[in-house]
Amino acid sequence: MLQLDRLTFTQPGFRLTADWQAEPGSLIAIMGPSGAGKSTLLSMIAGFLPPTSGRVLWQGADLAPVPPGQRPMTILFQDQNLFPHLTVAENTGLGLRPDLRLSDADRARVGQALARVGLAGLEERRPAQLSGGQASRAALARALLRARPILMLDEPFAALGPALRAEMLALVREVAQETGALVLMVTHDPEDARALGGSLAFVTDGVVHPPVATGMLLSNPPPEVLEYLGRK
Amino acid sequence: MKPRLAPRQNLPAHLLAGLLLALVIAPLLAIGWRGTGISLGAADWAAVRFSATQAVLSAVFSTLLAVPVARALARRQFPGRGALITLMGAPFLLPAVVAVLGLLAVFGRGGMLNQALTALDLPPVSIYGLHGVVLAHVFLNLPLATRMILQGWLSIPAERIRLAQSLGFPPRETFRHLEAPMLREVLPGVALVILVICLTSFAVVLTLGGGPSATTIELAIYQAVRFEFDLARAAGLAGVQLVLGGLAALAAWGLTRPAGFGAGLDRPLRLDAPPGWRRALDVLALILTGLFLALPLLAVLMRGLPGLADLPASVLPAAARSVGVALVSAVLATAAALALALSAARRPGLWVETAATLPLATSGLVLGTGLFLLIRPFAPPMTLALPVTVLVNLALSLPYLYRILLPEARALHQDYGRLADSLDLRGWPRLRWLVLPRLARPLGFGAGIAAALSMGDLGVIALFAGERQATLPLVVSQLTGAYRMEAAAAAALILVALSFALFWAFDAGGRRAAA
C-alpha cells in the first residue's frame, strides 16, 4: 500500500498537502489546474523533492532515506524519457541493469519487451529517429522490464494527438495489468482520466484530495471540479 | 523533516576540492612562513614596478590595437574570414618560447627588420627591454583580444542594427550609438584579462627582459631561487606577486565573460560595411595584423626546417618528457574539473567553487616556490621536477577547464539528471553511459587546451629542472639563450607541432566520441 502521511510541501506563496493511501494495482489519475502542484506531488513521491513535512510509505516502510532510483517505482516524464545518445535497446536495457552489462537472456527480454509495445525491429535506432509515440512506447517497454510496483506518469503523452494518446493510455493499462503496478498519472485532461479508468485525485487550493471513482466524480462534479472543467 | 542531502555524490567531489585547495594553499603557507618579515630591497621594488608597467602597457596596446581588427572582421565579408578567426584562436595555444623565437627572428639583432635598417644605413634597434617584452605580449594577446572584442561586436542585438539601418545611420552615428557603448562595456574586461596574463608571464621576460631595468617579479623569483639561492627573498617576492596577481585575477574573473572559442561567430544580420577610406582602413588593419602574426612564425619555420635534420641530442628526450607531462596533467586536470563541475551542477557550493577558482590567484612560479620550500627538507627538489610540474599545470589549468565544463554539466543535470536518478544510474555506469558520451565534446576540447598549455608552458620547470628533467620549452629557451637559433627554431617547430597535435587529438577524439 502507498501511504501519503500528511505529506506537505511549502514554499513562499505555495502549499501542497496530501493525506491518503492507495492499494497496489489501483489506477489513479491526478488532475487539477496548472500550478496546483500535480508534478510537485510526483516529485515528492519519486524522491526528487524532499517534503517539508510528512512521509511517503510503501508497504509500511518510510521511503525518506531511499534514493530515487531504488524506490519501488518507475516514473515517465513529460519528455526526455530516453537518452539521445543510446539506442532504443540500450535505453530499454537500462531498466534491467543500469550498468548495461546485459546477458543474452537479458537481451532477449529487452527484445520481448520492445515487441510487446510494438517496437520490434527498432532496437538499434536512436531516439532522434523515433516518432513521439514510438519514444513513449520505448519508455513503457523499460517500465515493463523494471516491473516496479508503482508506475508514475507526469503528463507523459501531452505532446501526442488524441488518437495516439488513447492508444498509449490503453498500453499503460496493459503494462500496469501485467506488472500489477499502482498507476499514478498526472494529467490536465478529463478525457485522459476517463480513459485510464480507476479513480481520480483532484488537486485544488493546495490539497490533493483522496482519489474518488473517476466516472462518479466527473458525472457528478463538486463545484471546484466543475469550475475546472469549465461547464456551467 | 530536513531536506536530505545527497552525500554519496558529493563526498568524493568535496574531498577532491579539499585536496586541490591544499595543493594551492600549502605552498602559499610555506611562502608566508618563510617570507614574512623579509624586507625587499630597491631591486625588488623595481621588479614590482616593472611588472606592473609592462603588464599595463601590454594590456592597453593589445586591447586598443585589437579594436580596428575586430571591427574589420565584424563588418567585412571575404574569403578566408572564418579561417582567419579560427587562426586567431591558435596563439592562445602557441608556446610563448616559440613566439619569442619568432619575434627575435624578425625584430632581433640579426633579424629581418635590422637587416633592412642596415641596408638603409639606419641604426639597428634592440628588441631587449621593456618594449621587447610589450611587443611579445601584444603578439601573444592581440588575437585573444580580437576574438573577445569580436564577440562583443557580434553580440550587438540584431534589432538594434536593424533600427540603425532603418534610420540610415552613417558610420559615425553607428559608432556612437551601437559600437561605442559595446566597447565601453567590453574593453575593460578584455584589458584586465590580458593584464593578468602578462603579470604572470615568465617565458617572454626570461628571454627579452632581464637586467636591473627589465625584471618582473616572476623573473626575480626565478633568479632568487636559481642563482642566488635566496629562498627567503623568493618567498617574499612570491608573496608580493600573489597579492598583485591575485587581486587582478579575481577582479578579471568576476568582471569578464568567457572569450568564446570556436562556435557562434556568425549571425544573420551584419553591420553595414562602409566603402571608401573606411574600407581601406579595414583592409590595412587585417593585412598588418596578418603580417605581424604570420611573419615571426614563418621565420621560425624557415629557420627551423633545415635544423630538423641535426637536432641537439637533448631535444628528443625533452620532447618525450613534455608529452608525458602534458598527457598526465591534461587527464588529471580534466578529471578533476569534471568531478567538480558535476558536483557544482548538482548542488552549487562555496567549497567546490573556491577550489576551482583559487588557482587563478597564483602563478606557476609562486606555486613552484612554495612547493620548492615544502619539498626541500625531504628530497632534492630536482628529483621531483616532473611530478611538481604536473601538479602545478593541473592547478593552473583547472579554472579554465571548470569554466568550460560547468555550463555543460549544468545542462546535463537539467536535462537528464532526474531520468538518470530515477533509473538508479550512478557511479561508474552513470559516467560511462551518461556523462562521458554527453560531455565528450567539451571534455575533449578542454583536455586538448590543458594538454597544449601544459606542453608549451615554461614556468615551474625552470625553477626545478636540471639537465635530465628539462622539458622541451626549457630546451628551446636554453638554446635561444645560447644564441643557437637554428637549433632553437628546429626544437620550437617540434614543440609547436606536438602542442597542436595534442590539442587536435583530444579535441577530435571528443568530437568523434560525441558523434
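Every chain is numbered from 1, with letters handed out A, B, ... down the list of sequences. Note that the coordinates shown come from a computational prediction; the quantities given were computed from them, not determined experimentally.
- Of the atoms belonging to B:Arg432, not a single heavy atom falls under 4.5 Å from chain A.
- Within 6.0 Å of the CD atom in A:Gln78, the count of heavy atoms belonging to other residues, nucleotides or ligands exceeds 12.
- Between the CZ atom of A:Phe83 and the CG atom of B:Asp415 there is a distance of 10.5 Å, given to the nearest 0.5 Å.
- Between the NE2 atom of A:His85 and the CH2 atom of B:Trp433 there is a distance of 8.5 Å, given to the nearest 0.5 Å.
- Note that the CZ atom of A:Arg71 and the OG atom of B:Ser422 stand 12.0 Å from one another [nearest 0.5 Å].
- For A:Leu86, the part sitting under 4.5 Å from any heavy atom of chain B is the side chain, from C-beta outward, and nothing else.
- Summarising the local packing, CD of A:Glu174 is surrounded by more than 12 heavy atoms from other residues, nucleotides or ligands at distances under 6.0 Å.
- In this structure, B:Leu419 CG and A:Phe77 CZ are separated by 5.5 Å, a value rounded to the nearest 0.5 Å.
- Residue A:Phe48 holds its CZ atom at 5.5 Å from CG of B:Asp421, rounded to the nearest 0.5 Å.
- Residues A:Gln70 and B:Arg426 meet the side-chain proximity criterion, which asks for heavy atoms closer than 4.5 Å.
- Side-chain contact between A:Ser43 and B:Arg418 is present, with heavy atoms from C-beta onward closer than 4.5 Å.
- By the 4.5 Å heavy-atom criterion applied to side chains, B:Arg438 and A:Pro84 are counted as neighbours.
- Looking at A:Leu76, neither its backbone nor its side chain comes within 4.5 Å of chain B, counting heavy atoms on both sides.
- Taking 4.5 Å as the limit, every side-chain heavy atom of B:Tyr416 sits out of range of all side-chain heavy atoms of A:Leu82.
- Put simply, the side chain of A:Pro98 does not reach to within 4.5 Å of the side chain of B:Leu423, judged on heavy atoms.
- Within the 4.5 angstrom heavy-atom criterion, no atom of A:Arg148 approaches chain B.
- Proximity to chain B (any heavy atom under 4.5 Å) is shown, for A:Arg97, by neither the backbone nor the side chain.
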